[in-house]
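Every chain is numbered from 1 and lettered A, B, ... according to where its sequence line falls, protein lines coming before strand lines.
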Amino acid sequence: DSGVTQTPKHLITATGQRVTLRCSPRSGDLSVYWYQQSLDQGLQFLIQYYNGEERAKGNILERFSAQQFPDLHSELNLSSLELGDSALYFCASSDRTFSNEQFFGPGTRLTVL
Amino acid sequence: GQQVMQIPQYQHVQEGEDFTTYCNSSTTLSNIQWYKQRPGGHPVFLIQLVKSGEVKKQKRLTFQFGEAKKNSSLHITATQTTDVGTYFCAGQVEGGSQGNLIFGKGTKLSVKP
């Protein structure tokens, strides 16, 4: 158990819909990272937050947005969903601004029908 | 764009055989991390290499960082069935956005008992 929690575990929705994925980092970790893992693309870095502020942006679509709240939990919002958005979404946390060891949560499996 | 290539994509070995996965970056890395993801699980941090030419060992696992800090390898001696999973390298680009790890697509290792 990494200490990072993600909800929900599974999410099934239809194209065009909007969903919110939630992540609680390890106690004391200020950095939260979001990744998308699909079969053919491996792990794609989406975005990083540090203590409530966006720190780094990867291959995140404009239809996706994220935020980190004062209690350090983070949410990833996915809108106008497409079939290709079906994937595992991982959240990870670390205790520094810089990317050292990252602790991954169990992931949210999103299926878009 | 910046890429981290990882080969091979798949490796099937007999228990007791050795295994190596290689990682190559198109740009110089400030550090490289290795993660293991068991089937159905989430990535788990194994190690971080920072120095040029660095070699680190963890029991049967040997990690190397190239002199030019553009390539890395993970070697497992005498594989066991518990080694099954996908091994990812993840590089942080020198001078790049902090926190932006670029993951290789992973090498999926299967071990036949």
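- Atom CZ of B:Arg38 sits in a sparse spot, with 12 or fewer heavy atoms from other residues, nucleotides or ligands closer than 6.0 Å.
- Grouping the Ile, Leu, Val, Met, Phe, Trp and Tyr side chains by contacts below 4.5 angstrom, directly or via other members, places A:Leu21 apart from A:Val4.
- By the neighbour-count criterion of 12 heavy atoms within 6.0 Å, atom NZ of B:Lys56 is densely surrounded, having more than that number from other residues, nucleotides or ligands.
- Listed here is the closest heavy atom pair of A:Pro106 and B:His42: CA-ND1, 4.1 Å.
- From A:Leu43, atom CG reaches atom CD1 of B:Ile102 across 13.0 Å, with rounding to the nearest 0.5 Å.
- In terms of heavy-atom proximity, A:Phe90 sits nearest to B:Gly41 at CZ-O, 3.9 Å.
- Between the side chains of B:Gln37 and A:Gln37, at least one donor N or O sits under 3.5 Å from an acceptor N or O.
- Cluster annotation: A:Phe45 is not connected to A:Ile60 through the hydrophobic network of ILVMFWY side chains, with a link wherever side-chain heavy atoms come within less than 4.5 Å.
- The environment of CD in B:Gln14 is crowded: more than 12 heavy-atom neighbours from other residues, nucleotides or ligands sit within 6.0 Å.
- Crowding of A:Arg109 atom CZ: a count of heavy atoms from other residues, nucleotides or ligands under 6.0 Å not exceeding 12.
- Without hydrogens or angle criteria, A:Tyr33 side chain to B:Leu101 main chain gives no donor-acceptor distance under 3.5 Å.
- In this structure, A:Phe104 has its ring center at least 6.0 angstrom away from the ring center of B:Phe45.
- For the pair B:Phe103/A:Gln44, no side-chain contact is recorded, criterion being any heavy-atom separation below 4.5 Å from C-beta on.
- Atoms CD and CD, from A:Glu101 and B:Gln48 in turn, are 9.0 Å apart once rounded to the nearest 0.5 Å.
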